[in-house]
**Q** 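Handing you this structure, nothing more for now.
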Amino acid sequence: MKKNVLLCVTGGIAVFKAAALTSKLVQNGFNVKVAMTKSATEFVTPLTFQALSRDRVYTNTFEEADPTKISHIDVADWADIVMVAPATANIIGKVANGIADDMVSTVLLKTTAPVFIAPAMNVHMYEHPAVQKNMETLRSYGYSFVEPNEGYLACGYEGKGRMAEPEDLLLKIQHFFYKQTNAVWQGKKIIVTAGPTRENIDPVRFFTNRSSGKMGYAIAEEAATRGADVTLISGPTNLQPPNQVEFVSVESANDMYEAVMENFGDADIVIKAAAVADYRPKQTYDQKMKKREGEWTIEMERTADILKTMGEKRTHQTLVGFAAESENIEMYAKGKLEKKRVDMICANSITEPGSGFQGDTNELVLYKKTGDVIHIPMTQKVEAAKSILDATMNIHMERQQ
Ligand code: CTP
């Protein structure tokens with residue numbers, strides 16, 4: 001069922017990001033209503049939010065469009081979650097001290113839904129002991145904060161105070177609901193592939209790549225934690241298979257192809273995080289090749305594209321692929337979406353520090369077939385796995401509607 005998000009917008013330059021968040025929430029299947037303070041309307045007009053949310057915008061406690069309802073009570077009850085973005089020092093101070101003198105502060109005191117607050121202000125205001133104390137008070141009342149980022153602030157300062165990006169706020173909201181509804185994962189059959197493949201030349205030599213398997217293992221572990229029935233098909237890695245997953249160890253692209261196809265029929269979701277070799281030596285020698293004078297040329301042939309084959313054969317399955325690129329990330333990722341007929345490509349830049357193979361962190365952009373794009377900022381692979389699974393389940397549920 002669609003969830004109801006009440007977005008409370010207060011006055012700061014980051015109001016424009018709240019407009020982007022409204023659009024993203026609607027695109028991701030949420031019902032959105034917006035309440036604005038008077039100062040917020042100085043930055044962006046209510047009409048913008050009305051058009052993006054396709055609903056009236058709440059700005060004035062005394063403007064009662066429907067005489068059968070009291071709008072600030074009604075909208076506060078309607079919300080499954082409230083996001084205050086941007087949140088000024090003023091609104092934080094008001095709510096912490098029980099002041100309700102406009103639409104947003106009244107709704108915030110009335111609602112019993114969980115409230116997330118995304119502060120945006122000058123670094124010195126943010127660090128002011130009064131603001132910090134008010135935030136502490138709100139935390140003690142059960143409010144959650146989405147920390148601002150460090151960087152260039154509209155006032156010309158550099159520091160902590162930039163509101164979190166709309167994509168991050170969307171993910172926070174999605175995480176919240178998926179945590180509540182982990183039940184959707186119960187018993188879902190999921191195949192995750194991970195690691196590199198190894199293409200033998202002779203008994204001692206092989207071709208492989210730098211994939212560590214960490215991203216795929218993190219996805220498999222998280223999916224199992226959420227209650228899914230996970231089969232992890234992995235090339236050679238140094239990692240310990242996670243508990244609660246069915247582990248299938250493979251070596252070559254061909255082994256992986258066979259293992260995936262064996263499990264594909266009754267899978268609900270396939271996530272192909274493996275870095276599968278695209279080529280293998282045409283000839284594999286049974287005995288170790290001895291060195292000789294002159295050059296040694298190894299002829300290579302294409303391996304089967306496992307993901308593409310699944311894209312052609314699929315019926316009910318949701319398919320997610322990965323793309324590790326060193327340039328033109330968006331163009332190549334979107335190309336793979338089309339060519340492999342999958343629902344989402346998780347793209348990362350292998351040249352970006354902290355992203356891609358080997359490390360514990362990753363920065364990814366998820367390109368959905370629907371055209372939606374989700375940016376996962378640099379984070380631990382374990383955290384990125386959660387976002388990838390949230391986005392995947394979102395697609396899976398939409399496909400079933
Ligand atoms: N993949 C696959 N089988 C292959 C090669 C790739 O299933 N033989 C899957 C990977 O697991 C990944 C996605 O396809 O999910 C993208 O892999 P990648 O190697 O980046 O893309 P290619 O289509 O091989 O394109 P290129 O090598 O030109 O970038």
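Counting starts at 1 for both ligands and their atoms, in listed order.
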**Q** List the closest protein heavy-atom neighbour of atom 7 (O) of ligand 1: residue, atom name, distance to the nearest 0.1 Å.
**A** Leu307 N, 2.8 Å
**Q** I'd like to check which ligand 1 atoms, numbered from 1 as shown, lie under 4.0 Å from a non-hydrogen atom of Gly321.
**A**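 Near Gly321, the atoms of ligand 1 are 15 (O).
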**Q** Verify whether one side chain among Thr237 and Tyr217 offers a donor that lies under 3.5 Å from an acceptor in the other.
**A** yes
**Q** What is the nearest protein non-hydrogen atom to atom 11 (O) of ligand 1, stated with its residue, atom name and distance?
**A**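 Going by distance alone, atom 11 (O) of ligand 1 is nearest to Ala274 O, 2.7 Å.
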**Q** Give the residue, atom name and distance (to 0.1 Å) of the protein heavy atom nearest atom 22 (P) of ligand 1.
**A**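 Looking at atom 22 (P) of ligand 1, the protein heavy atom closest to it is Lys340 NZ, 3.6 Å.
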**Q** Identify whether the distance between the nearest side-chain nitrogen and carboxylate oxygen of Asp390 and Lys172 falls below 4.0 Å.
**A**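 Looking at Asp390 and Lys172, the cut-off is not met.
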**Q** Measure the acute angle between the ring planes of Phe30 and Phe177, then classify it against the limits of 30° and 60° as parallel, tilted or perpendicular.
**A**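 Correct class here is tilted.
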**Q** Applying a 4.0 Å heavy-atom criterion (strictly less than), which segment of Ala253 is in contact with ligand 1: side chain, backbone, both, or neither?
**A** neither
**Q** Looking only at heavy atoms, what is the nearest atom pair of Asp266 and Lys189, with distance?
**A**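 Taking every non-hydrogen atom into account, O-CD, 3.4 Å.
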**Q** Among protein heavy atoms, which sits nearest to atom 19 (O) of ligand 1, and what does the distance come to when rounded to 0.1 Å?
**A**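 I find the closest protein heavy atom is Asp278 OD2, 3.7 Å.
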**Q** Show the atoms of ligand 1 that are less than 4.0 angstrom away from any heavy atom in Ala277.
**A** 8 (N)
**Q** Give me each pair satisfying side chain to side chain donor-acceptor pair (under 3.5 Å) with a member in residues 30-39, each pair once, sequence neighbours excluded.
**A**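 Matches after skipping sequence neighbours: Asn4-Asn31, Lys33-Asp55.
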**Q** Any idea which protein heavy atom is nearest atom 13 (C) of ligand 1, and the distance to it?
**A** Phe322 O, 3.0 Å
**Q** May I ask whether atom 28 (O) of ligand 1 is less than 4.0 Å from at least one protein heavy atom?
**A**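 No, there is none.
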**Q** Got the closest protein heavy atom to atom 26 (P) of ligand 1, with its distance?
**A**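 Ranking protein heavy atoms by distance from atom 26 (P) of ligand 1, first comes Lys336 NZ, 3.9 Å.
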**Q** Could you say whether the N/O atoms of Lys339 and ligand 1 ever approach to under 3.5 Å?
**A** no
**Q** State the atoms of ligand 1, each with its element, that fall below the 4.0 Å cut-off from a heavy-atom position in Thr303.
**A**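 Here the atoms of ligand 1 in question are 8 (N).
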**Q** Can you tell me if Thr361 and Gln380 form a side-chain donor-acceptor pair at under 3.5 Å?
**A** no
**Q** Test your reading of the structure: does Ile306 have an N or O sitting under 3.5 Å from an N or O of ligand 1?
**A** yes
**Q** What's the spacing between Ile374 CD1 and Lys24 NZ if we round to 0.5 Å?
**A**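 It is 8.5 Å, given to the nearest 0.5 Å.
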**Q** Quick one: nearest non-hydrogen protein atom to atom 8 (N) of ligand 1, plus distance?
**A** Ala304 O, 2.9 Å
**Q** Can you check whether Thr284's main-chain N or O pairs, donor with acceptor, with Asn200's side chain at less than 3.5 Å?
**A** no
**Q** For the residue pair Asp102 / Ser105, report whether a side-chain donor-acceptor contact shorter than 3.5 Å exists.
**A** yes
**Q** Do Gln27 and Ser23 meet the criterion of a side-chain donor-acceptor pair at a distance under 3.5 Å?
**A** yes
**Q** State whether the shortest distance between N or O atoms of Thr193 and N or O atoms of ligand 1 falls below 3.5 angstrom.
**A** no
